[in-house]
There are 2 protein chains.
Amino acid sequence: MFQGEFSNNMDDKGRVSIPAAFRDTLKTHHADERIVITRSPHSRYLTAYPMREWKRLQARIAATPPSPQLRAFKRIVISSAQEYIPDRQGRVLVAPSMREYADMDRAIQFAGAGETFEIWAKASWDKQLENDLVLAQGFELGL
Amino acid sequence: MFQGEFSNNMDDKGRVSIPAAFRDTLKTHHADERIVITRSPHSRYLTAYPMREWKRLQARIAATPPSPQLRAFKRIVISSAQEYIPDRQGRVLVAPSMREYADMDRAIQFAGAGETFEIWAKASWDKQLENDLVLAQGFELGL
DNA sequence: AATGCTTACCCACAATTCCCCACTAAATGC
DNA sequence: GCATTTAGTGGGGAATTGTGGGTAAGCATT
């Protein structure tokens with residue numbers, strides 16, 4: 001389970017450290033440090049999948065009947081997918097097109113999302129959170 | 001699997017570098033660097049098939065009963081098909097008629113699409129992605 | 001046979017990426 | 001509170017990738 005939020009800085013070369021807590025989850029729960037990072041279709045941020053989850057998503061896509069929506073989804077998600085193994089310092093190099101998509105410059109926000117985790121430009125994250133506070137109003141889940 | 005996106009520039013002679021990641025996939029997964037590039041029937045871009053996939057497509061076409069639609073499809077796809085082996089620098093020379101079909105001038109976008117990959121004029125790709133972002137809204141496939 | 005055009009193949013440079021080491025700051029343990 | 005470990009950040013050098021250009025070979029037209 002990926003949970004918690006962390007903010008790290010991207011350096012001039014476009015590298016960001018994956019939070020140690022997440023790397024730990026990968027090692028202990030997945031025994032596989034490989035992650036796949038893609039564009040999120042929901043908004044301007046990136047989603048990181050442990051390899052196992054990525055395979056699961058691929059399978060689900062393959063089992064879905066073709067449609068214009070699916071093709072759009074694939075173009076956003078699959079085409080942007082890139083596999084990474086963090087370097088010895090635990091960093092990955094985010095490609096320019098991805099940085100652009102997610103408006104990333106320096107301050108990066110990581111947010112655990114259960115089986116995956118999200119990577120945001122900090123500014124976008126803050127804004128999203130504002131919205132979510134309103135959206136979640138009155139949404140009771142038995143609390 | 002071809003995945004990830006890359007943008008390269010076409011030079012004055014009409015040559016573009018095939019992204020190294022894709023060339024790698026060809027070598028390791030196919031042991032055959034030959035690719036076939038054709039017009040895409042879906043929109044104004046090109047599709048690149050590793051030889052094995054191309055043969056598979058041909059077989060499927062051969063097994064399809066004749067119809068006006070099939071003839072149209074063949075005219076678009078088969079007639080334009082051209083086989084390439086990247087030169088020592090990993091480039092191919094895109095024929096003028098293909099450049100024209102896909103509105104290519106300089107900035108070229110490569111997009112992995114699983115068993116094949118797509119080659120777009122960057123401007124067209126960007127536009128397509130804008131559309132896809134709207135189209136994919138509300139398309140839930142888990143995550 | 002000569003000319004011009006296109007294509008194929010080669011070399012060279014520039015930019016990017018990869019991999020390693022080093023430093024600082026924060027967290028942990030005694 | 002001090003020493004030790006861990007996390008995050010910066011930077012250097014080597015290797016890879018992408019790009020531009022040059023030269024020779026093939027082809028068609030004249």
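The chains referred to below are lettered A, B, ... by the order of the sequence lines, with proteins before strands, and numbering in each begins at 1.
Checked by atom type and distance alone, the side chain of A/Asp132 never pairs as donor or acceptor with a backbone atom of A/Leu135 at under 3.5 Å. Without hydrogens or angle criteria, B/Glu118 side chain to B/Gly112 main chain gives no donor-acceptor distance under 3.5 Å. Checked by atom type and distance alone, the side chain of B/Tyr49 never pairs as donor or acceptor with a backbone atom of B/Ile35 at under 3.5 Å.
A ring-centre distance under 6.0 Å is found for B/Phe22 and B/Phe2.
Residues satisfying the salt bridge (Lys or Arg N to Asp or Glu O under 4.0 Å) test with B/Arg34, not counting sequence neighbours, are B/Asp32, B/Glu83. Listed by chain and number, the residues in a side chain to side chain donor-acceptor pair (under 3.5 Å) with B/Ser79 are B/Arg39 (sequence neighbours excluded). For A/Ser43, the side chain to side chain contact (heavy atoms under 4.5 Å, CB included) criterion is met by A/Tyr45, A/Trp120, A/Gln128, not counting sequence neighbours.
Using a 4.0 Å cut-off, no side-chain N or O of B/Arg88 falls inside it from OP1 or OP2 of C/dC9.
Here the C1' atom of nucleotide D/dA14 and the NZ atom of A/Lys13 are 12 Å apart, to the nearest Å. As a whole-Å value, the separation of A/Asp12 CG from D/dT9 P is 12 Å. Atom pair B/Lys122:NZ and D/dG18:C1' shows a separation of 16 Å (rounding to whole Å applied). Atom pair B/Asp11:CG and C/dT6:C1' shows a separation of 14 Å (rounding to whole Å applied). Separating the CZ atom of B/Arg91 from the P atom of D/dG20 is a distance of 9 Å, rounded to the nearest angstrom. If you take CD of B/Glu83 and P of C/dT7, they are 17 Å apart, rounded to a whole angstrom. With rounding to whole Å, A/Asp87 atom CG is found 13 Å from D/dG11 atom C1'.
Residues A/Lys127 and A/Glu130 are not paired through a salt bridge, judged by the lack of any N-O separation under 4.0 Å between the basic side chain and the carboxylate.
In the region residues 26-33 of chain B, proximity to DNA chain D at under 4.0 angstrom, judged on heavy atoms, holds for none of the residues. For DNA chain C, none of the residues of residues 96-109 of chain A falls under the heavy-atom distance limit of 4.0 Å.
Residue A/Arg15 places a side-chain atom within donor-acceptor reach of the base of D/dG11, judged by atom type and a 3.5 Å distance cut-off alone.
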* **Candidate pair B/Thr47 and B/Ile37, rule side chain to side chain contact (heavy atoms under 4.5 Å, CB included), full reasoning** => CA-CA 6 Å; B/Thr47 305; B/Ile37 297 179; over 6 Å; no
* To do: Just do the side chain to side chain contact (heavy atoms under 4.5 Å, CB included) check on B/Met10 and B/Arg15 with the steps written out, would you?
  => CA-CA 5 Å; B/Met10 176 143 58; B/Arg15 299 175 298 184; 5.9 Å; no
* **Residue pair B/Val36, B/Gln82: steps toward the side chain to side chain contact (heavy atoms under 4.5 Å, CB included) verdict** => CA-CA 5 Å; B/Val36 173; B/Gln82 195 144 351; over 6 Å; no
Short heteroatom pairs, N/O only, protein and nucleotides 4-8 of chain D, under 3.5 Å:
unit_1, atom_1, unit_2, atom_2, d
D/dG8, OP2, A/Ala20, N, 3.2
D/dG8, OP2, A/Arg23, NH2, 2.9

